[in-house]
Amino acid sequence: MQTSWRPPDSGTVGITLEAHVAQQMAMSPGASGHFTSLLYQLCLAAKLVDSRVRQAGLAGVLGYTGDVNVQGERVQKLDELANETFITVVKRGGKVCAVASEELEEVAYVPGAGRYVLTIDPLDGSSNIDCNVSIGTIFGIYRRLSDSAGPADLGDVLQPGSALRAAGYVVYGPSTMLVYSAGAKFGVHGFTLDPTIGEFFLSHRDMRIPDHASTYSVNEGNWVRWEQSTRDWIDWLKQEGEGPKRPFGARYVGSLVADAHRTLLKGGVFAYPADQKAKEGKLRLLYEANPFAFIFEAAGGRASDGRRRILDIPPEKLHQRTPLVLGSADCVADFERFAAKK
Ligand code: AHM
Ligand code: MG
């Protein structure tokens with residue numbers, strides 16, 4: 001009998017996240033296995049969180065705990081659960097000396113000789129939890145700077161994004177994906193969770209952001225508080241005319257992970273600019289902006305605060321905020337062109 005079935009591309013079939021990380025690290029002379037082990041731990045924690053997200057409505061973990069976190073926001077049960085899960089798993093794993101989390105006022109130092117520092121937003125997109133809309137986790141990994149014979153300190157955590165060794169994110173959406181990069185040399189790779197066996201498989205090899213696209217992702221409800229240059233930029237995106245294909249279409253979820261993931265796949269621009277209320281922007285440098293900036297640059301895109309490269313911003317405090325413009329290189333340059341006219 002004739003069949004139209006073709007074997008899938010044998011280059012990607014059945015490659016687990018673990019196997020892929022091991023392959024990549026084999027290309028890295030001097031790799032000791034510590035970094036690989038830390039990525040496995042993050043992958044395990046992501047699966048644990050995913051299983052809770054999937055059961056959330058049934059398991060009674062939706063809703064607020066009644067507490068307020070260090071950002072002054074109400075803490076939801078899934079935020080706490082994700083925070084505890086990631087921190088417990090990496091503490092036990094022994095590869096990190098410090099964890100900076102959106103949910104913790106201070107750095108969580110881990111006794112021992114862990115070589116790495118983890119920055120993490122354990123559950124991003126809190127406002128979407130109760131609505132069954134995509135949420136996520138964002139993480140960055142740095143090498144420790146202090147001597148491993150002594151305790152780690154804040155200097156280990158306050159490193160610029162250009163010092164990141166790796167960064168990644170997990171989208172808990174219709175399917176769950178983990179995307180990570182160990183830098184431009186290694187590329188950006190995406191893995192989709194097969195929930196029937198609890199394994200992440202390579203599904204998006206060597207992700208590259210399209211050079212041009214006509215989609216913008218911005219919370220326009222902030223219009224009245226924006227600088228005039230931001231309003232002019234949005235007006236320009238909506239008009240027909242010379243240059244990139246305009247008008248742009250709008251897409252905005254309100255979960256950075258979902259908006260940035262779509263922008264990475266389809267191209268265009270995501271922006272959370274400064275405004276009169278959020279004078280330094282809303283998003284956090286260490287565990288939101290830097291990991292995405294690292295990934296977008298490794299995928300051929302750009303990340304800016306409107307004037308500076310995000311990865312060059314020297315962090316001064318743990319929960320520092322920054323304006324963030326992420327996307328196809330040309331689209332980010334357009335934002336900067338308007339910002340420069342101010
Ligand atoms: P969170 O970390 O508390 O979830 O806040 C960050 C979120 C981002 O995911 C998203 O890009 C942004 O806040 C949405 O903000 P807004 O609701 O002001 O559009
Ligand atoms: Mg967040």
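Atoms within each ligand, like the ligands themselves, are counted from 1 in listed order.
Of all the listed residues (Val257, Asp124, Asp79), Asp124 holds the heavy atom that lies closest to atom 6 (C) of ligand 1. Here the shortest heavy-atom distance to atom 19 (O) of ligand 1, taken over Phe270, Tyr287, Tyr252, belongs to Tyr252.
Rounding to the nearest 0.5 Å places NZ of Lys317 at 12.5 Å from CG of Leu154.
Closest to atom 5 (O) of ligand 1 among all protein heavy atoms lies Arg284 NH2, 3.5 Å. Nearest protein heavy-atom neighbour of atom 10 (C) of ligand 1: Gly254 O, 3.4 Å. At the top of the distance list for atom 4 (O) of ligand 1, counting protein heavy atoms only, stands Gly125 N, 2.7 Å. Here the heavy atom of the protein found nearest to atom 2 (O) of ligand 1 is Glu102 OE1, 3.0 Å. Regarding atom 12 (C) of ligand 1, its nearest protein heavy-atom neighbour is Lys282 NZ, 3.8 Å.
Atoms of ligand 1 found under 4.0 Å from any heavy atom of Asn219, numbered from 1 in the order shown, are 16 (P), 18 (O), 19 (O). Residue Glu288 approaches ligand 1 through these ligand atoms, each under 4.0 Å from one of its heavy atoms: 2 (O), 6 (C). For ligand 1, the atoms closer than 4.0 angstrom to any heavy atom of Asp121 are 2 (O). Contact atoms of ligand 1 toward Leu256: 8 (C), 9 (O), 10 (C), 11 (O) (distance under 4.0 Å to a heavy atom of the residue).
Using cut-offs of 30° and 60° for the angle between ring planes, the Tyr180 and His189 rings count as tilted. Below 30°, between 30° and 60°, or above 60°: for Phe270 and Tyr252 the angle between ring planes is below 30°, a parallel geometry.
Screening Phe191, Phe200, Phe201 for a ring pair (Phe, Tyr, Trp, His ring centres under 6.0 Å) with His20, the sole residue that qualifies is Phe191. For the salt bridge (Lys or Arg N to Asp or Glu O under 4.0 Å) with Glu297, the lone residue among Arg309, Arg302, Lys185 that qualifies is Arg309.
In summary, the aromatic rings of Tyr169 and Phe292 are positioned with their centroids under 6.0 Å apart.
Of all the heavy atoms of Asn222, none lies under 4.0 Å from any atom of ligand 1, so neither backbone nor side chain is involved.
Here's the thing with Tyr272: one of its N/O atoms is less than 3.5 angstrom from an N/O atom of ligand 1. Taking distance alone, with nitrogen or oxygen atoms compared against 3.5 Å, Ser255 stays at or beyond that limit from ligand 1. Remark: ligand 1 and Ser127 share no N or O pair separated by less than 3.5 Å (distance only, no angle test).
Both the sub-6.0 Å distance and the 45° axial angle are satisfied by Arg143 relative to the ring of Tyr116. Cation-pi contact between Arg337 and Trp236: present, with separation from the ring centre below 6.0 Å and deviation from the ring axis of at most 45°.
Checked against the Mg ion (ligand 2), the N, O or S atom of Glu288 at the shortest distance is OE2.
When every heavy atom of Thr119 is checked against every heavy atom of Tyr287, the shortest pair comes out as C-CB, 4.0 Å. Considering all non-hydrogen atoms of both residues, Pro273 and Phe335 come closest at CB-CZ, 4.2 Å.
Lys341 NZ: more than 12 foreign heavy atoms inside a 6.0 Å radius.
Note: angle at the Mg ion (ligand 2), from OD2 of Asp121 to OD1 of Asp124, is 100° (rounded to 10 degrees).
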